[in-house]
A.B. asks: 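Sharing a structure with you now.
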Amino acid sequence: MNCELVFYLAKKTSMCERVLKKQLTSLNINLVKTHFATGSIQLGNLLCDAFKECSLCFIVGGLEFSDQYGIKNVLSKALANQHLDDMKKIENPNNYLDGFIFRAGSQLIVVLPDEPDDISAMLKSPLKEYLMDFSDHSKL
């Protein structure tokens, strides 16, 4: 299964990308494209383009902002009128910033903090199991 990555207002991007690629490889998920967004419109356009090519997209960053630029506010507005099949908080075992999953049909967005150690910790169970299950169902 292929996926794309969008860094949104993120730091430590190269380290985060390296950790994400390593974790995803063990799940047979290939990171095929990486993008960078510094605003909500750019993020929306990148997500629309990504979902034309694949059904899984990771967003890294933007979780520490609570203003209109924060990823929670941006996605809340963008998904307000959408039917979501699943929406979950991803607990961060490092007790920093939690992530989120948004699934609508065969499309999945996974939002993670821009800390490599947090990404590594969060991509273990139960997120790992969720991604494996999603990958298996998307092959049908």
A.B. asks: Of all the heavy-atom pairs spanning H83 and A104, show the shortest one and how long it is.
C.D. replies: O-CB, 3.6 Å
A.B. asks: Quick one: closest heavy-atom pair of L63 and G99, and the distance?
C.D. replies: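 Heavy-atom minimum between the residues: CD1-CA, 4.4 Å.
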A.B. asks: Closest heavy-atom contact between Y8 and Y69?
C.D. replies: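 So the minimum-distance heavy-atom pair works out to OH-O, 2.6 Å.
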A.B. asks: Would you check if D49 and E53 make a side-chain contact, meaning some heavy-atom pair closer than 4.5 Å?
C.D. replies: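 Not in contact.
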A.B. asks: So, taking the atom named OG in S26 and the one named NZ in K128, what distance separates them when rounded to the nearest 0.5 Å?
C.D. replies: 5.0 Å
A.B. asks: Rounded to the nearest 0.5 Å, how far does CG of L9 lie from CD1 of I59?
C.D. replies: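 The CD1 atom of I59 sits 11.0 Å away from the CG atom of L9.
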A.B. asks: What are the two closest non-hydrogen atoms of E91 and P93, and how far apart are they?
C.D. replies: O-CD, 3.3 Å
A.B. asks: With a 4.5 Å limit on heavy-atom distance, are the side chains of L112 and L20 in contact?
C.D. replies: yes
A.B. asks: Which pair of heavy atoms, one from L97 and one from P113, lies closest together, and at what distance?
C.D. replies: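 For L97 and P113, the tightest heavy-atom pair comes out as O-CG, 3.5 Å.
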A.B. asks: A quick test of your reading: do over 12 heavy atoms of other residues, nucleotides or ligands sit less than 6.0 Å from NZ of K11?
C.D. replies: yes
A.B. asks: Quick check against the 3.5 Å criterion: does D114 have a side-chain atom that pairs as donor or acceptor with the backbone of V60?
C.D. replies: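 No, because the side chain of D114 does not come within donor-acceptor range (under 3.5 Å) of the backbone of V60.
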A.B. asks: For atom CG of N81, is the number of surrounding heavy atoms from other residues, nucleotides or ligands below 6.0 Å larger than 12?
C.D. replies: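 Check fails, neighbour count at 12 or below.
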A.B. asks: Using only atom types and a distance under 3.5 Å, with no angle test, would you say the side chain of Q23 pairs donor to acceptor with the backbone of V19?
C.D. replies: no
A.B. asks: Rounded to the nearest 0.5 Å, how far does CG of L27 lie from SG of C3?
C.D. replies: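 With rounding to 0.5 Å, SG (C3) is 10.0 Å from CG (L27).
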A.B. asks: Is it possible for you to say whether L5 and V111 belong to one hydrophobic cluster, with membership spreading through side-chain heavy-atom contacts below 4.5 Å?
C.D. replies: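 L5 does not cluster with V111.
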A.B. asks: Does the N28 side chain pair with the main chain of M1, one donor and one acceptor, at a distance under 3.5 Å?
C.D. replies: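 No, N28 side chain to M1 backbone: no donor-acceptor pair under 3.5 Å.
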A.B. asks: Among D85, V110, L56, which one satisfies side-chain contact (heavy atoms from CB on, under 4.5 Å) with R103?
C.D. replies: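 Among the candidates, only D85 passes.
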A.B. asks: What's the spacing between L123 CG and L24 CG if we round to 0.5 Å?
C.D. replies: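 L123 atom CG to L24 atom CG measures 6.0 Å (nearest 0.5 Å).
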A.B. asks: A side-chain contact here means heavy atoms from C-beta on lying under 4.5 Å apart; do K12 and P116 qualify?
C.D. replies: yes
A.B. asks: Please check if L131 and V32 belong to a single hydrophobic cluster, counting links between Ile, Leu, Val, Met, Phe, Trp and Tyr side chain heavy atoms closer than 4.5 Å.
C.D. replies: no
A.B. asks: Looking at CG of D98 and NZ of K89, how far apart are the two atoms once the value is rounded to the nearest 0.5 Å?
C.D. replies: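 Interatomic distance, D98 CG to K89 NZ, rounded to 0.5 Å: 4.5 Å.
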A.B. asks: Are F100 and I90 joined in one hydrophobic group, where the rule is that I, L, V, M, F, W and Y side chains link up if heavy atoms are under 4.5 Å apart?
C.D. replies: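 Result: no, two separate clusters.
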A.B. asks: Under a 3.5 Å distance rule, please check whether S76 uses its side chain to pair with a backbone N or O of K72 as donor and acceptor.
C.D. replies: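 Indeed, once roles are kept as given, a pair shorter than 3.5 Å links the two residues.
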A.B. asks: I want to check something: taking the side chain as every heavy atom from C-beta on, are Y130 and K88 in contact at a cut-off of under 4.5 Å?
C.D. replies: yes
A.B. asks: D86 versus L108: any side-chain heavy-atom pair under 4.5 Å?
C.D. replies: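 No. Closest side-chain heavy atoms not under 4.5 Å.
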A.B. asks: Would you compute the distance between atom CD1 of I119 and atom CE of M15 and round it to the nearest 0.5 angstrom?
C.D. replies: 10.0 Å
A.B. asks: Could you tell me whether the side chain of T25 and the main chain of K21 form a donor-acceptor pair under 3.5 Å?
C.D. replies: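 Confirmed, T25 side chain pairs with K21 backbone.
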A.B. asks: Is it possible for you to say whether I109 and M132 belong to one hydrophobic cluster, with membership spreading through side-chain heavy-atom contacts below 4.5 Å?
C.D. replies: no
A.B. asks: For a quick test of reading the model, state the closest non-hydrogen atom pair linking A10 to G61 and the distance between them.
C.D. replies: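 Nearest heavy atoms, A10 then G61: CB-CA, 4.1 Å.
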A.B. asks: Applying a strict under-4.5 Å side-chain criterion to I, L, V, M, F, W and Y, I'd like to know whether L75 and M87 cluster together.
C.D. replies: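 Same hydrophobic cluster.
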A.B. asks: Does a sphere of radius 6.0 Å around CZ in F51 hold more than 12 heavy atoms from other residues, nucleotides or ligands, not counting ones at 6.0 Å or beyond?
C.D. replies: yes
